Amino acid sequence: MIKAIAGTKDILPENIRLWKHLESLVEKEMVLFNFKEIRTPIFEETALFSHGIGEATDIVSKEMYTFTDRSGTSVSLKPEMTASVVRAFIEHELNKKANFYKLFYISPMFRQERPQAGRLRQFHQFGAEAIGSNDPIVDAEIIIIANNILKNLGLKNFEIKINSLGIPTSREKYKEELRKYLGDKLDSLSEDSKKRFKTNILRIFDSKNETDRKIMAGAPTILDYLDDESREHFENVKQLLSESNVPVTVDHKLVRGLDYYTNTTFEIISKSVGAQSALCGGGRYNLLIEQLGGKPVPATGFAAGIERILLACENEKSINLKDEELDIYLVRLDKDKKDKVFAIANFLRKNGLITELDYLLRSVKAQMREANRLNSKYVLMIGGDEFLRNAAVLKNMQSGEQEEVILDNLDGIVKRIESVK
RNA sequence: GUGGGCGUAGCUCAGGUGGUUAGAGCGUCUGGUUGUGGCCCAGAAGGUCAUGGGUUCAAGUCCCAUCGUUCACCCCA
């Protein structure tokens, strides 16, 4: 039997409602902040990601689904969306159409990692990118949007962490200090962290190793090395969030793995999911657009993992969708009324009623059971004596009451049912 | 890429130290009303016990391999 590829999942009808619920909340919130949806191709030239995300990052160096197409071009399934959005922004010269763009997306992403709780190879993110302003208000709004969406999904058990990475020059200075601090402690670090010391020293802060954590607790903090402008920007963002009653925790250890971040970074961590607890991550990336060949334009954004969020919702039981319903189920009393039932169904559907009928020539009892299982509000029984009188029995499934209705007057049935919707 | 757990009906799971026809609950179907759901009752269908090999008189049970899955590390949403 052929099965779905490891790390990919079918979203079955019973789950689609949950997804649509989330998607509609995302759209609603984005519309409130006047973000416009953007859709980009599922795959791009590999170079976009290696330049945009960073050649040395894990995502690019070992997690992308990369292949060569028939023309010999190396292409990759998108592992994240920011690079694609920026590419579209540059390619369509959106900066010339307006000075400021606010874009959002909901899209599948692909990374070839080992699947685990909250991590899939095809997963889905929603996110936003605000391009064109360096105003701290935008940083704040990005975080507020993410926070609002999680709140609207009923989530409580999460924490927003925020930090500033400053600008490259101050960050380099800080890394130098970190290297000095760790110089004589190198032997005590875990093997992974020894590697990080060379490749991406900031990430040692993310280590889950006890000893590493103890050592890093005494490390200098990046916030002490921010340039004046970055410091002021960061203070501003915190101030705005505080005024908006969005609680955030400053975490100077929050670094983040993508190369393009400058200044503000943030992450939303849930305590309701497994080890992969980041529901959402984002920050400012003022240098990326220029790096990808555009005019230097400041930007900020976030991405959120839909599967992880839904996992959190499930564990917190935060969503209660009401059961799906049917307006009316047509029960066929006699086998020879098939065509009549079909014709009535056509009419009712044309008039906007969600209508179901039996396709399996089942017994009346079985049809009734089915109507009940489908939560049908009404049942119309067609056939028998009533049919000879050009009538049928309409039953209200909730009250159990039933009455005879004239088949010439299907409009009346439609009106009745519409009125209780 | 590394390490651990687990693979028995559609789903959730039982099946001490190997022993003959592999079970339950839920779900599905049928019946209990010549044409009536939910609750209840009776019954039925549904399993190459992941696959392949090995040990044994005998394997769902023990051993090995493979595949799948899951959790964690790494990293990230």
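Chain A is the first sequence line, chain B the second, and so forth, proteins listed ahead of strands; every chain is numbered from 1. What you are looking at is a predicted structure, and each value in this text was computed from that prediction instead of being measured.
- One finds no side-chain N or O of A:Gln367 lying less than 4.0 angstrom from the OP1 or OP2 phosphate oxygen of B:U36.
- A donor-acceptor pair shorter than 3.5 Å can be found between the side chains of A:Asp139 and A:Thr264.
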Q. Under the side chain to side chain donor-acceptor pair (under 3.5 Å) criterion, do A:Ser318 and A:Lys156 qualify, and how do the steps go?
A. CA-CA 8 Å; A:Ser318 71; A:Lys156 295 192 169 67; over 6 Å; no
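- Judged by Watson-Crick or G-U wobble contacts below 3.5 Å, the nucleotide B:C57 has B:G19 as its partner.
- Taking the six-membered ring wherever Trp is involved, the centroid distance between the rings of A:Tyr260 and A:Tyr285 falls below 6.0 Å.
- With both pairing distances under 3.5 Å, B:U36 is matched to nothing as a Watson-Crick or G-U wobble pair.
- Surrounding CZ of A:Phe342 are at most 12 heavy atoms belonging to other residues, nucleotides or ligands under 6.0 Å away.
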(Q) ring-ring contact (aromatic ring centres under 6.0 Å, His included) for A:Tyr225 and A:Tyr174? Distances and angles first, verdict last. (A) CA-CA 6 Å; A:Tyr225 289 82; A:Tyr174 171 66; 5.5 Å; yes
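- Remark: B:A14 base-pairs with no nucleotide; criterion is Watson-Crick or G-U wobble with both hydrogen-bond distances under 3.5 Å.
- With a cut-off of 3.5 Å on both pairing distances, the Watson-Crick or G-U wobble partner of B:C67 is B:G7.
- The stretch residues 32-40 of chain A has no heavy atom under 4.0 Å from RNA chain B, so no residue of it qualifies as close.
- Within a 6.0 Å sphere centred on OH of A:Tyr65, heavy atoms belonging to other residues, nucleotides or ligands number more than 12.
- Look at the C1' atom in both B:C26 and B:U70: the space between them is 23 Å, to the nearest Å.
- Contacts between residues 373-389 of chain A and RNA chain B, defined by a heavy-atom separation below 4.0 Å, involve A:Arg373, A:Met381, A:Gly384, A:Asp385, A:Glu386, listed by number.
- Between the CD atom of A:Glu404 and the P atom of B:U36 there is a distance of 17 Å, rounded to whole Å.
- Nearest to the side chain of A:Ala303, among B:A77, B:C73, B:G38, sits B:A77.
- Residue A:Arg308 places no side-chain N or O under 4.0 Å from the OP1 or OP2 atom of B:C76.
- Remark: A:Gln276 is in phosphate contact with B:C73, judged by side-chain N or O atoms under 4.0 Å from OP1 or OP2.
- If you check B:G37, B:U30, B:C71 against the side chain of A:Asn372, the one that comes closest is B:G37.
- A gap of 25 Å separates the P atoms of B:G10 and B:G19, to the nearest Å.
- Look at A:Gln116 and you won't find any side-chain N or O under 4.0 angstrom from OP1 or OP2 of B:U70.
- Scanning atom types as modelled, one donor and one acceptor separated by under 3.5 angstrom connect the side chain of A:Gln402 and the base of B:U36.
- Taking 4.0 angstrom as the limit, A:Lys365 places none of its side-chain polar atoms (N or O) nearer than this to OP1 or OP2 of B:G35.
- Between B:G35 and B:G25, the distance separating the two C1' atoms is 33 Å to the nearest Å.
- Base pairing of B:A42 is made with B:U30, judged by Watson-Crick or G-U wobble geometry with both donor-acceptor distances under 3.5 Å.
- Straight-line distance between the P atoms of B:U56 and B:C73: roughly 44 Å, to the nearest whole Å.
- Taking the ring centre of A:Phe387 as origin, the terminal cationic atom of A:Lys337 falls inside the region bounded by 6.0 Å and 45° from the ring axis.
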